[in-house]
Amino acid sequence: MPSMDNESSNVSQAEEIKVQANEAFKAHKYGQAIDLYTQAIELNSQNAVYWANRAFAHTKLEEYGSAMQDATKAIEVDPKYSKGYYRRGAAYLAMGKFKEALKDFQQVKKICPNDPDATKKLKECEKAVMKLKFEEAISVPESERRFVADSIDYHSIGTSPRSSSMPTQVGIAAVAVAFVAVLAMMLGAAAATMVAAVVVVVLGTWWWGGSTGKVEPQYSGAKIEGDVVTLDFVKKMMDDFKNQKCLHKRYAFQTVLQMRKMLRSQPSLVDINVPDGSHFTVCGDVHGQFYDLINIFELNGLPSEENPYLFNGDFVDRGSFSVEVILTLFALKCMCPSAIYLARGNHESRSMNKIYGFEGEVRSKLSEKFVELFAEVFCCLPLAHVINQKVFVVHGGLFSVDGVKLSDIKAIDRFCEPPEEGLMCELLWSDPQPFPGRGPSKRGVGLSFGADVTRKFLQDNNLDLIVRSHEVKDEGYEIEHDGKLITIFSAPNYCDQMGNKGAYIRFEAPDLKPNIVTFSAVPHPDVKPMAYANNFLRMFQ
């Protein structure tokens with residue numbers, strides 16, 4: 001009898017804790033919710049709801065690997081519990097695993113055949129899989145793929161052809177064709193051919209004669225004079241962006257192409273030298289939050305040779321001003337290469353951009369050709385930086401094996417989409433863990449590594465500190481692993497719902513002691529995060 005009483009007490013207590021966890025979840029305190037759901041599970045592990053709810057909280061923290069594990073456990077506890085499949089399908093979807101997600105939503109539909117929400121999500125998932133299959137069918141092998149950057153001449157983009165409208169030109173061309181046809185009937189084919197040749201030359205000269213590449217006179221935005229990106233251009237462009245104005249495609253192409261040329265010449269691991277008496281600022285994820293990026297510059301000054309920055313990846317996606325962010329960072333780099341350094345994050349990739357909004361935003365604000373161009377440029381971004389041979393800066397984290405040297409990172413062929421395993425993958429995706437050793441990634445990609453792994457990597461490479469990003473933190477930063485690892489995150493109130501602060505680190509040479517500055521979110525125009533994201537993914541937000 002006592003054991004039955006204890007069991008009943010545990011079940012009752014678990015329910016009370018679940019209620020507390022639900023409240024924490026509603027308050028967007030997802031880490032606290034996870035801890036509370038864990039307590040409930042420890043008291044009663046046979047309740048599928050607890051597992052599914054914890055999976056949902058993991059999803060909110062982008063811990064998709066953990067979400068899949070918890071959802072799978074919910075299914076094991078109760079194979080007829082539809083939310084188990086639903087949560088796992090959502091986690092698969094967030095990782096771009098559409099085919100796996102489809103299987104789970106088919107199961108949801110089977111369990112709940114009359115649920116309109118399940119029907120809607122299944123249809124959207126089927127569309128996504130069909131689109132994926134189509135893209136795979138028409139894809140060009142990597143060995144045969146040509147760079148879209150090589151096909152772009154930004155000098156020709158402007159009033160070409162002339163300033164008249166295309167319908168007018170088409171109409172005139174049609175009249176010319178009709179004129180030649182009449183001549184053919186009146187004078188014969190030979191004479192008509194001679195006249196046609198003259199018409200083609202005159203019409204062609206008129207049509208394309210105005211193709212000087214000059215920008216339309218009605219465009220009043222930021223302009224690059226010649227080939228040099230200046231501070232005046234950058235300031236004007238940023239002001240235009242703040243007022244939700246667009247940059248002319250000519251100057252956008254010019255900026256991105258110059259950036260590509262510059263990045264292709266850089267190594268995969270970049271060494272940065274900060275002279276004694278000088279300072280250097282490291283920022284974490286920005287995620288398309290342009291107005292918070294501008295706030296960083298207002299707090300800490302614009303990038304310059306005297307005020308250099310490193311932005312540590314994940315410039316784009318989720319936030320709906322990613323185009324403004326990336327063009328600003330690229331223009332600053334073109335203006336003064338030593339004023340700003342840029343590292344690749346896991347979101348500088350096709351697979352992430354396709355799901356989390358950047359691809360849709362680029363297509364909406366620029367063009368399809370820019371989608372391909374940005375994908376090419378992202379493959380040129382360096383993977384890591386070392387400041388004064390002492391501070392190692394990387395977006396994600398460390399490796400599944402010991403003994404990795406800085407020379408191994410420099411030797412990585414980074415000019416590709418990130419692989420699903422190996423050094424490059426782990427640099428972009430891995431996370432620290434509070435206990436020693438290594439463990440599976442809570443994201444489902446990369447791994448988790450402990451303080452002992454951090455310590456050994458630093459010792460092997462004669463380094464003092466690791467700075468990484470990749471994870472939202474309540475205060476904008478977190479110091480871990482006996483003070484040897486700092487996570488820095490620069491997107492405050494992430495996705496307009498997390499309530500976190502943003503932060504950046506300011507290092508002073510020669511001691512390079514990290515001075516962490518935190519800041520709060522600033523207002524932005526009423527465009528919601530994920531506004532351009534994959535339609536299917538938005539259904540789960």
Side-chain angles (χ1 to χ4, degrees), residues 234 238 270 272 274 278-319 321-322 324-326 328-333 336 338-345 347-348 381-382 384-388 390-397 432 464-480 483-495 498-509 511-522 524:
V234 175
M238 290 167 61
V270 176
I272 299 172
V274 182
S278 299
H279 62 267
F280 189 88
T281 301
V282 177
C283 295
D285 303 34
V286 177
H287 274 301
Q289 297 184 196
F290 174 73
Y291 295 86
D292 293 307
L293 172 65
I294 296 301
N295 187 40
I296 292 173
F297 293 150
E298 290 176 352
L299 293 171
N300 195 57
L302 278 173
S304 66
E305 285 189 340
E306 296 75 30
N307 188 37
Y309 283 77
L310 164 58
F311 282 85
N312 198 26
D314 280 14
F315 321 119
V316 301
D317 279 339
R318 295 197 178 270
F321 303 95
S322 292
E324 290 82 354
V325 166
I326 198 66
T328 297
L329 295 177
F330 279 8
L332 286 164
K333 181 73 173 175
C336 182
S338 60
I340 186 168
Y341 298 83
L342 304 175
R344 192 174 193 176
H347 275 267
E348 277 68 59
L381 287 164
H385 294 76
V386 175
I387 303 171
N388 286 8
K390 290 299 178 185
V391 180
F392 179 71
V393 188
V394 66
H395 179 73
D464 292 339
L465 179 68
I466 294 174
V467 175
R468 43 91 60 182
S469 305
H470 196 38
E471 286 184 283
V472 60
K473 298 294 181 182
D474 287 344
E475 294 301 314
Y477 73 98
E478 186 172 353
I479 302 173
E480 303 172 79
K484 294 297 184 180
L485 183 145
I486 302 176
T487 296
I488 198 78
F489 193 83
S490 303
N493 195 25
Y494 182 44
C495 292
M498 296 299 289
N500 61 290
K501 291 181 180 178
Y504 54 83
I505 306 177
R506 190 176 167 106
F507 290 99
E508 304 282 344
D511 64 349
L512 297 184
K513 181 181 178 181
N515 177 31
I516 300 172
V517 179
T518 64
F519 57 96
S520 298
V522 296
H524 63 74

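Values below: all heavy atoms of this structure, side chains included; hydrogens, waters and symmetry mates excluded.
- Among residues two or more places apart in sequence or in another chain, the side chain to side chain contact (heavy atoms under 4.5 Å, CB included) test is passed with E305 by C336, S338.
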Name every donor-acceptor pair, under 3.5 Å, that has one atom in a side chain of residues 483-491 and the other anywhere in the protein, sequence neighbours excluded.
from: T487; atom 1: OG1; to: R468; atom 2: NH1; distance (Å): 3.0
from: S490; atom 1: OG; to: G284; atom 2: N; distance (Å): 2.8
from: S490; atom 1: OG; to: A503; atom 2: O; distance (Å): 2.6

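- Shortest non-hydrogen contact noted between K473 and E478 is NZ-OE1, 2.8 Å.
- One finds the CD1 atom of I387 at 6.0 Å from the CG atom of L310 (value rounded to the nearest 0.5 Å).
- Tested against F507 for a side chain to side chain contact (heavy atoms under 4.5 Å, CB included), the candidates V391, T281, N388 yield a single pass: V391.
- Taking CD1 of I326 as the start and CZ of F290 as the end, the distance is 12.5 Å to the nearest 0.5 Å.
- With rounding to the nearest 0.5 angstrom, the CG atom of N295 is 13.0 Å from the NE2 atom of H524.
- Atom CZ of F280 and atom CD1 of I272 lie 3.5 Å apart (nearest 0.5 Å).
- Residues D314 and H395 have side chains in contact (heavy-atom distance under 4.5 Å, counting atoms from C-beta outward).
- When each of L381, T328, L293 is tested with F315 by the rule side chain to side chain contact (heavy atoms under 4.5 Å, CB included), just one qualifies, namely L381.
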The test is side-chain contact (heavy atoms from CB on, under 4.5 Å); show your working for L332 and F297 and say whether it passes. CA-CA 12 Å; L332 286 164; F297 293 150; 3.8 Å; yes
Intermediate values then yes/no, side-chain contact (heavy atoms from CB on, under 4.5 Å), M238 and I294: CA-CA 8 Å; M238 290 167 61; I294 296 301; 3.2 Å; yes
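- Going from atom CG of L342 over to atom SG of C283 covers 10.5 Å, rounded to the nearest 0.5 Å.
- Environment of OH in Y494: crowded, with over 12 heavy atoms of neighbouring residues, nucleotides or ligands closer than 6.0 Å.
- Every residue two or more places apart in sequence or in another chain that forms a side chain to side chain contact (heavy atoms under 4.5 Å, CB included) with P492 is listed here: Q289, D292, F519, A521.
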Start with the C-alpha gap between V522 and E298, add the side-chain angles, then the distance that decides, and say whether side-chain contact (heavy atoms from CB on, under 4.5 Å) holds. CA-CA 12 Å; V522 296; E298 290 176 352; over 6 Å; no
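- H347 pairs by the ring pair (Phe, Tyr, Trp, His ring centres under 6.0 Å) definition with H287, Y356, not counting sequence neighbours.
- Residues D317 and S322 share a closest heavy-atom pair of N-OG, 3.0 Å.
- For D464, the side chain to side chain contact (heavy atoms under 4.5 Å, CB included) test picks out K390, with sequence neighbours left out.
- P514 and I505 get closest at one heavy-atom pair: CB-CG2, 3.6 Å.
- Nearest heavy-atom pair across E475 and T518 is O-CG2, 3.4 Å.
- Residues satisfying the ring pair (Phe, Tyr, Trp, His ring centres under 6.0 Å) test with F311, not counting sequence neighbours, are Y309.
- Side chain of D474 to main chain of N500: no donor-acceptor pair is present (N/O by atom type, distance under 3.5 Å, no hydrogens or angles).
- Of all non-hydrogen atoms in D285 and S469, the two that sit nearest each other are OD1-CB, 3.0 Å.
- Of the possible donor and acceptor atoms, none in the side chain of N312 sits under 3.5 Å from a partner among the backbone N and O of V282.
- The backbone N or O of N300 lies less than 3.5 Å from a partner atom in the side chain of N307, making a donor-acceptor pair.
- For the pair K501 (side chain) and G476 (backbone), a donor-acceptor distance under 3.5 Å is absent.
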